[in-house]
**Q** 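I'd like to ask you about the structure that follows.
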Amino acid sequence: MTMERTPSVLRDKFGRVATDLRVSLTDRCNLRCRYCMPAEGLDWLPGAEILSDDELFALIRIAVERLGVREVRFTGGEPLLRQRLVDLLARIKKLTPTPQMSLTTNGIHLGRHANALADSGLDRVNVSLDTLDRDRFVAITRRDRLDDVLSGLAAAVQAGLTPVKVNAVLLRGINESDAVPLLRYCLANGYQLRFIEQMPLDAQRQWSRSEMISADETLRLLGSTFHLSRAPEPRGSAPAEEFLVDGGPGRVGIVGSVTHPFCRACDRTRLTADGQVRSCLFSQQETDLRSILRRGGSEDEIVHAWRAAMLGKLAGHAMDSDGFVQPVRPMSAIGG
Ligand code: SAM
Ligand code: SF4
């Protein structure tokens, strides 16, 4: 006789239900974006600590089949540095219910892998691009790879990984002048651009509130050239506030992570590359699912541990307050 398994969800004590799982596939990266990590890189996680493909699949299967996760987003570090990614995606796509799958990438290897990623069942990509100027690209990422990113974007559209979204971070004194050209470029190519406020998640801990370009300032920068009006539909759990550009149909999104936080509608849970659940980017606590897996713990034990981790989710991140404490892990090791 088979036992009926009770379906459960990842509900926190404020009633929010997490259905969107962010999975970091690696903490390594082939760029060194200055708002993320230092020029010399970081001490990467040792290989033995990183979840194997089977371990990752086991946890994602539990999240989808037993915990109500409906969308899985892969990130990092740079997720396209993960070996055999297409095989992992193909296994996940066969789960029931079938999750939506998307990937946040710096785009460098997209040109090479976009078709295989689409064939494996990946639905969409977000590509990070902060400037169209080669020198400023090098100044921000410390690598001369702008052309690879632009051809990666085009390959993503060709492969049907749409809508292709572009994430841009504006840095004072470096790329404010890129806001308008980036929007023109994205509108012309059918990419959905979102500007993201710089957050205190850099490994160097150099973020400063006064240096950050806020969502309001970004709107003013764009407003010098475009007429922006708030999109009519409700925002739901989407982090970006959407604006119609010159009456539409073109749009731009602004993610005011610091100044207009979207914590009240947050539907995310996170898994790091070394198997730790985090209820928030800014959590000070992690729940170690890798240890449960490696000592042969039961699936029910993992379900309970994951649910307990999410029960402890705080109401908000308080990034814009004096008492804010930056998490120990930098963004690249959490998964942005
Ligand atoms: N390497 C991939 C990429 O760059 O798209 C995925 C990981 S990256 C950590 C995910 C996103 O976080 C990128 O869009 C990046 O621009 C953004 N990001 C990194 N550090 C940030 C920071 N301090 N503040 C705001 N966004 C940041
Ligand atoms: Fe790498 Fe993404 Fe961080 Fe840039 S933002 S260094 S591409 S992980």
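Quick caveat: nothing in here was measured; it's all calculated off a predicted structure.
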**Q** Please find the pair of heavy atoms, one from Ala118 and one from Ala159, that lie closest to each other, and give the distance.
**A**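 Closest approach of Ala118 to Ala159, heavy atoms only: CB-O, 3.4 Å.
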**Q** For Asn175 and Arg136, what are the C-alpha separation, side-chain angles and deciding distance, and is it a side chain to side chain donor-acceptor pair (under 3.5 Å)?
**A** CA-CA 7 Å; Asn175 67 336; Arg136 286 197 289 279; over 6 Å; no
**Q** Identify the two heavy atoms, one from Val180 and one from Phe226, that lie closest to each other, and give their separation to 0.1 Å.
**A**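 Distance-wise, the nearest heavy atoms are CG1-CE1, 3.9 Å.
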**Q** Are Leu228 and Tyr185 connected in a single hydrophobic cluster, I mean Ile/Leu/Val/Met/Phe/Trp/Tyr linked by side-chain heavy atoms less than 4.5 Å apart?
**A**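 Result: yes, single cluster for both.
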**Q** Indicate, with yes or no, if Leu201 and Phe195 share a hydrophobic cluster defined by side-chain heavy-atom contacts under 4.5 Å among Ile, Leu, Val, Met, Phe, Trp and Tyr.
**A**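 Different hydrophobic clusters.
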**Q** Once rounded to the nearest 0.5 Å, what's the spacing between atom CD of Gln198 and atom CG of Leu170?
**A**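 Here the interatomic distance stands at 10.0 Å.
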**Q** Donor-acceptor pair, distance only, cut-off 3.5 Å: does the side chain of Arg172 make one with the backbone of Met212?
**A** yes
**Q** Taking side chain as C-beta onward, heavy atoms only, is Leu129 less than 4.5 Å from Phe137?
**A** yes
**Q** Would you say Lys313's side chain and Asp12's backbone share a donor-acceptor pair under 3.5 angstrom?
**A** no
**Q** Any sub-3.5 Å donor-acceptor pair from Gln192's side-chain atoms to Arg251's backbone N or O?
**A** no
**Q** Is the side chain of Arg290 donor-acceptor paired with the backbone N or O of Glu49 at a distance under 3.5 Å, no angle test?
**A**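 Flag set: sc Arg290 to bb Glu49 pair under 3.5 Å.
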**Q** Could you pull out all residues at least two apart from Asp274 that satisfy side-chain hydrogen bond (donor to acceptor under 3.5 Å, both in side chains)?
**A**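 Listed in chain order: Thr272, Arg329.
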**Q** Tell me whether Leu25 shares a hydrophobic cluster with Leu95, the cluster being built from Ile, Leu, Val, Met, Phe, Trp, Tyr side chains joined at under 4.5 Å.
**A** yes
**Q** Counting only heavy atoms not in Gln285, do more than 12 sit closer than 6.0 Å to its CD atom?
**A** no
**Q** Main chain of Leu80, side chain of Glu78: is a donor-acceptor contact present, judged purely on distance under 3.5 Å?
**A** yes
**Q** Run the salt bridge (Lys or Arg N to Asp or Glu O under 4.0 Å) test on Glu299 and Arg61 for me, step by step, so that the C-alpha distance in whole Å, both residues' side-chain angles and the decisive distance to 0.1 Å come before the verdict.
**A** CA-CA 10 Å; Glu299 193 171 306; Arg61 184 183 66 71; 2.7 Å; yes
**Q** If a pair satisfies salt bridge (Lys or Arg N to Asp or Glu O under 4.0 Å) and one of its residues is in residues 82-103, list it, with sequence neighbours excluded.
**A** Asp53-Arg82, Asp53-Arg84, Asp54-Arg91, Lys93-Asp123
**Q** If the threshold is 4.0 Å, N to carboxylate O, is there a salt bridge linking Glu301 and Arg307?
**A** no
**Q** In Å, rounded to the nearest 0.5 Å, how long is the span from CD of Gln158 to CG of Leu110?
**A**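 Going from the CD atom of Gln158 to the CG atom of Leu110 covers 13.0 Å.
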**Q** Minimum heavy-atom separation for Met199 and Ser257, please, with both atom names.
**A**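 Answer, listing the atom of Met199 first, then Ser257: SD-CB, 3.6 Å.
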**Q** Let's go through Asn106 and Val149 carefully: what are the C-alpha distance in whole Å and the side-chain angles of both, what is the deciding distance for side-chain contact (heavy atoms from CB on, under 4.5 Å) to 0.1 Å, and is it a yes or a no?
**A** CA-CA 7 Å; Asn106 62 29; Val149 180; 5.7 Å; no
**Q** Under a single-linkage definition using a 4.5 Å side-chain heavy-atom cutoff for Ile, Leu, Val, Met, Phe, Trp and Tyr, are Ile292 and Leu21 assigned to the same hydrophobic cluster?
**A** yes
**Q** Decide yes or no on side-chain contact (heavy atoms from CB on, under 4.5 Å) for Asn189 and Val157, but give the supporting numbers first.
**A** CA-CA 9 Å; Asn189 288 283; Val157 172; over 6 Å; no
**Q** Answer with yes or no whether the hydrophobic clustering places Val64 together with Leu271; edges join I, L, V, M, F, W, Y residues whose side-chain heavy atoms lie under 4.5 Å apart.
**A**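 As far as the 4.5 Å side-chain criterion goes, Leu271 and Val64 are connected within one cluster.
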**Q** More than 12 non-hydrogen atoms from neighbouring residues, nucleotides or ligands closer than 6.0 Å to CZ on Arg294, yes or no?
**A** yes
**Q** Is there a side-chain contact (heavy atoms from CB on, under 4.5 Å) between Val164 and Leu153? Walk through the geometry before answering.
**A** CA-CA 8 Å; Val164 170; Leu153 276 164; 3.6 Å; yes
**Q** Just to verify, what does Ser332 make a side-chain hydrogen bond (donor to acceptor under 3.5 Å, both in side chains) with, not counting sequence neighbours?
**A**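 Counting only residues at least two positions away or on another chain, Ser332 forms no side-chain hydrogen bond (donor to acceptor under 3.5 Å, both in side chains).
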**Q** Met310 vs Thr287, test: side-chain contact (heavy atoms from CB on, under 4.5 Å). Steps then yes/no.
**A** CA-CA 10 Å; Met310 295 308 292; Thr287 298; over 6 Å; no
**Q** Out of Arg278, Gln276, Arg270, which residue meets the side chain to side chain contact (heavy atoms under 4.5 Å, CB included) rule with Ser283?
**A**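 With Ser283 as partner, side chain to side chain contact (heavy atoms under 4.5 Å, CB included) holds for just one option, Arg278.
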**Q** Taking atom CZ of Arg295 as the centre, does the number of heavy atoms from other residues, nucleotides or ligands within less than 6.0 Å exceed 12?
**A** yes
**Q** Show, in sequence, the C-alpha distance, side-chain angles and deciding distance for Asp300 and Arg66, and conclude whether the salt bridge (Lys or Arg N to Asp or Glu O under 4.0 Å) test is met.
**A** CA-CA 9 Å; Asp300 281 343; Arg66 304 226 19 216; 2.8 Å; yes
**Q** For a quick test of reading the model, state the closest non-hydrogen atom pair linking Ser279 to Ala309 and the distance between them.
**A**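 Minimum heavy-atom contact is CB-O, 3.9 Å.
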**Q** Could you go through Trp306 and Thr269, starting from their C-alpha distance and side-chain angles, then the distance that decides it, and tell me whether this counts as side chain to side chain donor-acceptor pair (under 3.5 Å)?
**A** CA-CA 9 Å; Trp306 206 324; Thr269 183; 3.0 Å; yes
**Q** How far does CG of Leu117 sit from OG1 of Thr105, to the nearest 0.5 angstrom?
**A**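 Taking CG in Leu117 and OG1 in Thr105, the distance rounds to 8.5 Å.
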**Q** Spell out, as yes or no, whether a donor-acceptor pair under 3.5 Å connects the side chain of Asp27 to the backbone of Leu45.
**A**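 At least one qualifying donor-acceptor pair exists.
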**Q** How long is the span from the CG atom in Leu293 to the CG atom in Leu51, to the nearest 0.5 Å?
**A**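 Between atom CG of Leu293 and atom CG of Leu51 there are 7.0 Å.
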**Q** How close do His317 and Cys263 get, counting heavy atoms only, and between which atoms?
**A**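 That would be CD2-SG, 3.5 Å.
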**Q** Please determine which of Arg268, Arg124, Arg22 meets the salt bridge (charged side-chain N to carboxylate O under 4.0 Å, His left out) test together with Glu71.
**A**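 In the set Arg268, Arg124, Arg22, the residue that makes a salt bridge (charged side-chain N to carboxylate O under 4.0 Å, His left out) with Glu71 is Arg124.
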**Q** Indicate yes or no for a side-chain donor-acceptor contact from Arg32 to the backbone of Cys29 under 3.5 Å, with no hydrogens or angles considered.
**A**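 A pair under 3.5 Å: yes.
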**Q** Any chance CD of Gln83 has more than 12 other-residue heavy atoms, nucleotides or ligands included, within less than 6.0 Å?
**A**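 It does not: Gln83 CD has 12 such atoms or fewer within range.
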**Q** Supply the atom-to-atom distance Arg73 CZ to Leu122 CG, rounded to the nearest 0.5 angstrom.
**A** 9.5 Å
**Q** Taking the side chain from Asn126 and the backbone from Val166, do they hold a donor-acceptor pair closer than 3.5 Å?
**A**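 Looks like no, no N/O pair under 3.5 Å.
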**Q** Between CZ of Phe74 and CD1 of Ile92, what distance do you get to the nearest 0.5 Å?
**A** 3.5 Å
**Q** Quick check against the 3.5 Å criterion: does Arg16 have a side-chain atom that pairs as donor or acceptor with the backbone of Ala315?
**A** yes
**Q** Without swapping roles, check the side chain of Thr141 against the backbone of Arg143 for a donor-acceptor pair under 3.5 Å.
**A**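 Yes; judged by distance alone, with no hydrogens or angles, the pair exists.
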**Q** Does CZ in Arg11 sit with more than 12 non-hydrogen atoms of other residues, nucleotides or ligands closer than 6.0 Å?
**A** no
